[in-house]
Amino acid sequence: MPYRAPRGTVDILPEEQAYWRYIEQKVIHITQLYGYERIDNPVFEDAGLFVRSVGEGTDIVQKEMYTFTDRSGSPLTLRPEGTASVCRAYLEHGMDNLPQPVKLYYIAPIFRYERPQAGRYRQHHQFGYEAIGDDDPALDAEVIDMAWRFCHALGLGQLTLQLNSIGCRQCRPAYLAALKDYYAANGGNLCADCTTRLQRNPLRLLDCKQATCQPVADAAPRSLDHLCSPCAEHFGNLRRYLELLGLPLVLNHRLVRGLDYYTRTVFEVQPAVEGAQSTLGGGGRYDDLIAELGGRPTPAIGFATGIERLSLNLKRQKVAVPALPKPGVFIVYADEKSREEAVKLAAALRQAGVSAVQAFGVRSLKSQLRQANTLAIRYTVIIGEAELKTGTVVLRDMSTAEQKTVPISQLVSLLHAVNL
Ligand code: AMP
């Protein structure tokens with residue numbers, strides 16, 4: 001076979017779609033409960049938008065973006081995350097003039113050139129939401145609460161909610177200096193990535209997964225101990241609200257997230273049993289991003305989670321999702337003449353809202369019935385010579401093999417009566 005799906009991408013086959021539909025319906029429900037409206041942004045944007053917002057020194061910008069020039073020579077990037085596009089749209093469409101915060105959500109494909117593994121792809125999909133235009137810690141609490149409730153509404157359990165504050169422009173430089181000093185004094189045998197991070201993106205040192213780097217990262221200075229008083233007050237209030245909401249948060253001083261735009265609150269939902277690779281979703285505040293993109297200073301906070309990752313966890317935790325509806329009726333015909341009737345009947349049933357399919361080509365009755373069985377369709381409607389003459393059809397319940405002859409004029413009401 002000359003072509004396969006590109007490395008790190010997957011086809012979402014029909015048997016997988018029940019999980020997707022289930023997750024999408026939970027998304028629609030929770031976003032409505034918390035007052036979010038949907039936004040769909042383009043799949044590609046100016047490359048500069050992501051470099052500017054995600055940050056020059058991040059893994060995403062350094063190693064993972066799919067950037068290309070189009071025929072006019074403009075550099076474009078396939079969206080490697082959702083927040084930057086939402087903020088760009090917020091500014092472009094003057095949403096800063098609406099009552100704040102503006103609450104938007106998306107379900108969108110995301111592209112990152114990563115090393116593919118279970119639950120990590122080069123194209124995946126994220127459900128994300130952003131609340132833009134308010135710095136009240138009660139909003140942080142609401143955003144975190146929504147993430148937590150969403151995961152539980154899906155039926156997922158054994159989760160932890162991890163929280164940290166990484167400060168702001170005022171207090172972070174001093175913290176980063178303390179972190180660098182510490183690593184310079186204690187980071188004797190850092191991994192190659194951490195050696196680069198120490199120069200380029202010291203906050204990410206804390207996020208390293210290499211075994212050798214764990215003791216030094218565990219004992220590193222904590223951002224919570226270096227917050228300026230407005231950040232400390234914000235964090236204190238946030239914790240109070242989270243307690244009011246009864247959320248079981250775990251403080252994690254090594255939680256820093258992989259994008260530069262975060263300020264103050266950062267949080268993640270993780271499965272209790274696995275490592276950080278399997279993070280279900282994460283988010284945080286990005287109070288400087290809108291100004292960075294040319295707007296007035298506008299605080300904001302958001303969260304994103306991967307649909308594939310959710311689906312994987314639903315399967316691991318054996319959460320049963322509702323099956324997608326199948327056609328209710330398979331129409332079987334005996335010969336050429338009754339086939340004409342089958343074509344008409346299929347159209348009439350669909351007009352009446354009954355989902356109906358039929359076999360095509362010249363097929364024996366037996367083979368058509370076998371097909372209906374394989375497709376697990378509940379009823380077959382059989383049209384033969386005798387039925388044609390009498391204006392009837394045979395209605396067969398495939399689960400019980402019971403069948404009866406019914407006037408064709410009564411078929412729709414009989415099918416409606418069994419909820420088809
Ligand atoms: P991030 O933007 O890196 O915080 O990612 C948010 C969420 O998207 C993660 O917690 C995962 O659930 C999911 N995710 C991120 N990267 C990938 C990937 N390469 N493949 C599948 N899911 C991903």
Side-chain angles (χ1 to χ4, degrees), residues 5-12 16 19-20 23 26-27 41 49-50 53-55 57-66 77-87 105-130 143-144 146-148 150-151 154 156 159-164 166 201 203-204 206-207 209 252 254-263 265-272 274-286 289 300-317:
R7 187 165 142 75
T9 68
V10 290
D11 298 307
I12 304 158
E16 181 68 19
Y19 289 92
W20 282 69
I23 294 166
K26 298 289 179 189
V27 165
N41 302 113
L49 173 69
F50 298 115
S53 53
V54 175
T58 58
D59 282 355
I60 292 181
V61 169
Q62 288 291 321
K63 307 184 205 161
E64 297 174 1
M65 294 210 305
Y66 282 89
T77 297
L78 298 183
R79 170 175 51 212
E81 64 96 44
T83 303
S85 301
V86 174
C87 292
Y105 81 94
Y106 56 86
I107 298 181
I110 303 286
F111 305 87
R112 294 181 188 172
Y113 188 80
E114 295 197 85
R115 198 164 60 78
Q117 49 194 290
R120 188 169 291 281
Y121 309 101
R122 290 185 175 169
Q123 177 181 342
H124 71 281
H125 297 75
Q126 289 188 3
F127 157 47
Y129 53 91
E130 318 290 345
V143 164
I144 295 172
M146 176 164 156
W148 186 245
F150 172 69
C151 293
L154 286 168
L156 293 173
L159 303 176
T160 65
L161 177 57
Q162 314 226 347
L163 181 70
N164 195 13
I166 55 171
N201 198 354
L203 212 50
R204 291 286 284 178
L206 298 171
D207 199 25
K209 309 291 183 298
N252 176 357
R254 290 184 51 189
L255 178 61
V256 293
R257 314 273 306 133
L259 298 86
D260 277 358
Y261 52 61
Y262 286 112
T263 50
T265 311
V266 288
F267 69 102
E268 283 185 357
V269 179
Q270 296 191 0
E274 277 151 307
Q277 276 288 9
S278 58
T279 300
L280 266 185
R285 272 208 165 270
Y286 48 92
L289 179 56
I301 177 166
F303 172 80
T305 173
I307 312 274
E308 288 83 353
R309 201 69 69 84
L310 291 172
S311 174
L312 196 70
N313 279 272
L314 288 170
K315 288 175 199 162
R316 279 191 186 150
Q317 297 198 7

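The figures that follow rest on heavy atoms only: side chains count, while hydrogens, waters and symmetry mates do not. Residue numbers run from 1 in the order of the sequence given. Counting starts at 1 for both ligands and their atoms, following the listed order.
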Verdict with supporting geometry, Arg257 and Glu268, salt bridge (Lys or Arg N to Asp or Glu O under 4.0 Å): CA-CA 9 Å; Arg257 314 273 306 133; Glu268 283 185 357; 3.0 Å; yes

Identity and distance of the protein heavy atom lying nearest atom 20 (N) of ligand 1: Tyr121 N, 2.9 Å

Member of His124, Arg120, Gln126 meeting the side-chain contact (heavy atoms from CB on, under 4.5 Å) criterion with Arg309: Arg120

Nitrogen or oxygen atoms of Glu308 and ligand 1 under 3.5 Å apart: no

Donor + acceptor pair across side chains of Tyr286, Thr83 (<3.5 Å): no

Shortest protein contact, atom 14 (N) of ligand 1 (heavy atom only): His124 NE2, 3.3 Å

Nearest neighbour in protein (non-hydrogen) for atom 8 (O) of ligand 1: Gln126 NE2, 3.1 Å

Identity of the nearest option to atom 12 (O) of ligand 1, non-hydrogen atoms only, from Thr305, Val269, Leu280: Leu280

Listed partners of Arg122 passing salt bridge (Lys or Arg N to Asp or Glu O under 4.0 Å), at least two apart: none

Side chain to side chain contact (heavy atoms under 4.5 Å, CB included) evaluation trace for Asn201 with Asp260: CA-CA 9 Å; Asn201 198 354; Asp260 277 358; 3.7 Å; yes

Identity and distance of the protein heavy atom lying nearest atom 4 (O) of ligand 1: Arg257 NH2, 2.6 Å

Phe267 and Phe303 aromatic ring geometry - parallel, tilted or perpendicular at 30°/60° bounds: parallel

Atom 19 (N) of ligand 1: nearest protein contact (heavy atom, Å): Glu114 OE2, 2.5 Å

Residue Ala304 vicinity, atoms of ligand 1 by number, heavy atom under 4.0 Å: 6 (C), 7 (C)

Top protein contact for atom 21 (C) of ligand 1, by heavy-atom distance: Gly119 O, 3.2 Å

Glu308 (side chain) donor-acceptor with His125 (main chain) under 3.5 angstrom: yes

Nearest protein heavy atom with distance in Å, relative to atom 2 (O) of ligand 1: Arg112 NH2, 2.8 Å

Nearest non-hydrogen protein atom, atom 10 (O) of ligand 1: Thr279 O, 3.1 Å

By ring-ring contact (aromatic ring centres under 6.0 Å, His included) - contacts of Phe150 (at least two apart): Phe127

